[in-house]
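Shown next, in structure tokens, is the structure this report addresses.
Read the numbers this way: they start at 1 and go in the same order the structure lists the ligands and their atoms.
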Amino acid sequence: MAKKLYIKTYGCQMNVYDSARMADVLAPLGYVSVDDAAVADLVILNTCHIREKAAEKVFSELGRLRRIKDRRRDRPMTLAVAGCVAQAEGAEIVRRVPYVDMVFGPQTYHRLPELVARAERARGTVLDTDFPAESKFDHLPEVAAANGGAAFLTVQEGCDKFCSFCVVPYTRGAEHSRPVAAVLAEARRLAETGAREITLLGQNVNAYHGEVRGGGEYGLGRLIAAVAEIDGVKRIRYTTSYPADMDTALISAHRDVPELMPFLHLPAQSGSDRVLRAMNRRHTAEDYRRLVDKLRAARADIALSSDFIVGFPGETAADFDATLALVADVGFAQAYTFKYSRRPGTPAAEMEGQVAEAEKEDRLAALRDLLDAQQRTFNTGAVGQTVSVLLERRGRHAGQLVGRSPYMQAVHVEAPESLFGAIAAVRVEAAHANSLAGVLVSAAAAVEGAVA
Ligand code: 5AD
Ligand code: SF4
């Protein structure tokens, strides 16, 4: 009988990708994915350690799962913690929640069959938080299939930047790029199985430097051009980028590769040079502004998204004003804002001048107001325009599909089921805070990309 697998994913898109790959590794062992932990034989929490809140959620979810596990009479439930909390706090999890059967970090997913077998034999918790010498990518099975019209593809993992607030260099390890041939083979497979949009993923994706068979390396710009050549690939995105790694070839790709969407997530973190230095970011606010100018010169309709942290240790009111000024100057289509969260083991956790929680709240609210207003302006600007929409979800009511514009805006539209997975031309009629609504302009032109 098939065994049931339930994976709950927290955090970033790389975790979404990793969860899919874990399901691929486990499929040959007879595991079939289900969407309810209560019926699963194996439950994996794929966790996020980036901020304290994200990490805490894991322990409360484990408490809930424990009750299900304890009540289970007919067959055992294996409980596993994967991802970045597992990597950072493996031993602590084993101590705090000994009823967990497996704890393993992001670089060991190819060892899952062996880990599962060990967990079935073991009494205590099986722990694997190595950074193995072998790359997991060389040992993971081929991607089974795209899960809809929009697919993720990890091309680079890990980070060597060591921003002083960030756990990623510790949880994901050193920067590693997959070879070009492996990326292209996976992209082809995704396109053949219905992906129309591919998002190239990496913690530091624009530091990509993949080896080419026969010698040499490709940067991300050349990789994007190669992915664009693949039949069926209509849209390409990449995330997340580090400003200092935006090279000329990548900026030019925004001009030269029509499949590359005119939307870029480019975390700035702060607009104050003093804070950026303390964060160990290798760019100034002025560098960021100049970079945006270059991107806009390459592609006039490009829109930007970003990440900002407020209340970094030592951030003064004047520093925060510099962040507001950067946001006002650049103009973002959307952005994520975070209160600085002290992460044990990172340099910033030990810095003087930790900012009071109430002050962080005030700054967050002020920054959010500005960014929300920019987002509203951006969305309102789409009204009356015809945009291409990749229809990737079913809407709340029958006959409605939901998709994404080139700018990642959610777009609701009445459309036949046959267009699911296709790219359709939609005229936008209304803008809401977080989405757009529109009508189909041309269904016929869009059917080409539909997934049967
Ligand atoms: N506190 C708050 N925000 C953080 N981020 C990373 N580490 C922290 C932290 N310790 C934010 C950064 C990053 C995004 C993924 O999460 O803005 O770009
Ligand atoms: Fe973290 Fe900085 Fe690396 Fe991004 S670039 S993953 S913020 S250390």
**Request:** Verify the distance criterion only: is there a donor paired with an acceptor across the side chains of Arg343 and His49 at less than 3.5 Å?
**Result:** yes
**Asked** Aromatic rings His283 and Tyr288: how do their planes relate, parallel, tilted or perpendicular, breaks at 30° and 60°?
**Response** tilted
**Request:** May I ask you to identify the nearest protein heavy atom to atom 6 (C) of ligand 1, giving residue, atom name and distance to one decimal place in Å?
**Result:** Ile50 CG1, 3.4 Å
**Item:** Geometric cation-pi criterion, Arg51 with Phe338: 6.0 Å, 45°
**Value:** yes
**Prompt:** Considering only the protein, which heavy-atom contact is closest to atom 3 (Fe) of ligand 2, and what is its distance?
**Reply:** Cys159 SG, 2.2 Å
**Asked** How does Asn204 reach ligand 2, if at all, at less than 4.0 Å between non-hydrogen atoms: by side chain, backbone, both, or neither?
**Response** side chain
**Prompt:** Between Thr323 and Arg363, does any side-chain donor sit less than 3.5 Å from a side-chain acceptor?
**Reply:** no
**Prompt:** Under a 4.0 Å heavy-atom limit, does Pro169 contact ligand 2 with its side chain, its backbone, both, or neither?
**Reply:** side chain
**Request:** Determine whether the side chains of Asp128 and Thr108 contain a donor N or O and an acceptor N or O closer than 3.5 Å.
**Result:** no
**Item:** Part of Cys163 with heavy atoms under 4.0 Å of ligand 2, whether side chain, backbone, both or neither
**Value:** both
**Prompt:** Below 3.5 angstrom, do we get any N/O pair linking Cys166 and ligand 1?
**Reply:** no
**Item:** Note: Arg21-Asp18 ion pair, threshold 4.0 Å (strictly below)
**Value:** no
**Prompt:** Taking only heavy atoms of Phe165, which atoms of ligand 2 are found under 4.0 Å from at least one of them?
**Reply:** 7 (S)
**Prompt:** Which bit of Phe165 is near ligand 1, meaning a heavy atom under 4.0 Å away: side chain, backbone, both or neither?
**Reply:** both
**Message:** Any donor-acceptor pair under 3.5 Å linking the side-chain atoms of His209 with those of Gln156?
**Reply:** no
**Prompt:** Is Asp307 in polar range of ligand 1, meaning some N or O pair under 3.5 Å apart?
**Reply:** yes
**Asked** Is Arg281 near ligand 2, meaning one of its heavy atoms is under 4.0 Å from it?
**Response** yes
**Item:** Closest approach of any protein heavy atom to atom 2 (C) of ligand 1, naming residue and atom
**Value:** Lys339 O, 3.3 Å
**Message:** I'd like to know whether ligand 1 has Arg342 as a neighbour, heavy-atom separation below 4.0 Å.
**Reply:** no
**Message:** Please list the nearest protein heavy atom to atom 12 (C) of ligand 1 with its residue and the distance rounded to 0.1 Å.
**Reply:** Gln269 OE1, 3.4 Å
**Asked** So is there a nitrogen or oxygen of Arg343 less than 3.5 Å from a nitrogen or oxygen in ligand 1?
**Response** no
**Request:** Look at atom 9 (C) of ligand 1 and say which protein heavy atom is nearest, naming residue and atom and giving the distance to 0.1 Å.
**Result:** Ser341 O, 3.6 Å
**Contact atoms of ligand 2, heavy-atom distance to Tyr242 under 4.0 Å** = 5 (S)
**Message:** Less than 3.5 Å apart, any donor N or O on the side chain of Asp307 or His265 sitting next to an acceptor on the other?
**Reply:** yes
**Prompt:** Of all the non-hydrogen atoms in the protein, which one sits nearest to atom 1 (Fe) of ligand 2, and at what distance?
**Reply:** Cys166 SG, 2.3 Å
**Message:** Heavy atoms only, cut-off 4.0 Å: how does Arg51 contact ligand 1, side chain, backbone, both, or neither?
**Reply:** side chain
**Request:** Determine the interplanar angle of the Phe137 and Tyr17 rings, folded into 0 to 90°, and report it as parallel if under 30°, tilted if 30 to 60°, perpendicular if over 60°.
**Result:** tilted
**Prompt:** With ring centroids as reference points, do Tyr238 and Tyr208 lie under 6.0 angstrom apart?
**Reply:** no
**Request:** Within a distance under 4.0 Å of any heavy atom of Ile309, pick out the atoms of ligand 1 and give their elements.
**Result:** 3 (N), 4 (C), 5 (N), 12 (C), 17 (O)
**Item:** Sub-4.0 Å atoms of ligand 2 with respect to non-hydrogen atoms of Phe162
**Value:** 8 (S)
**Parallel, tilted or perpendicular: ring planes of Tyr407 versus Phe378, cut at 30 and 60 degrees** = perpendicular
**Prompt:** For the ring pair Phe312 and Phe320, is the centre-to-centre distance below 6.0 Å?
**Reply:** no
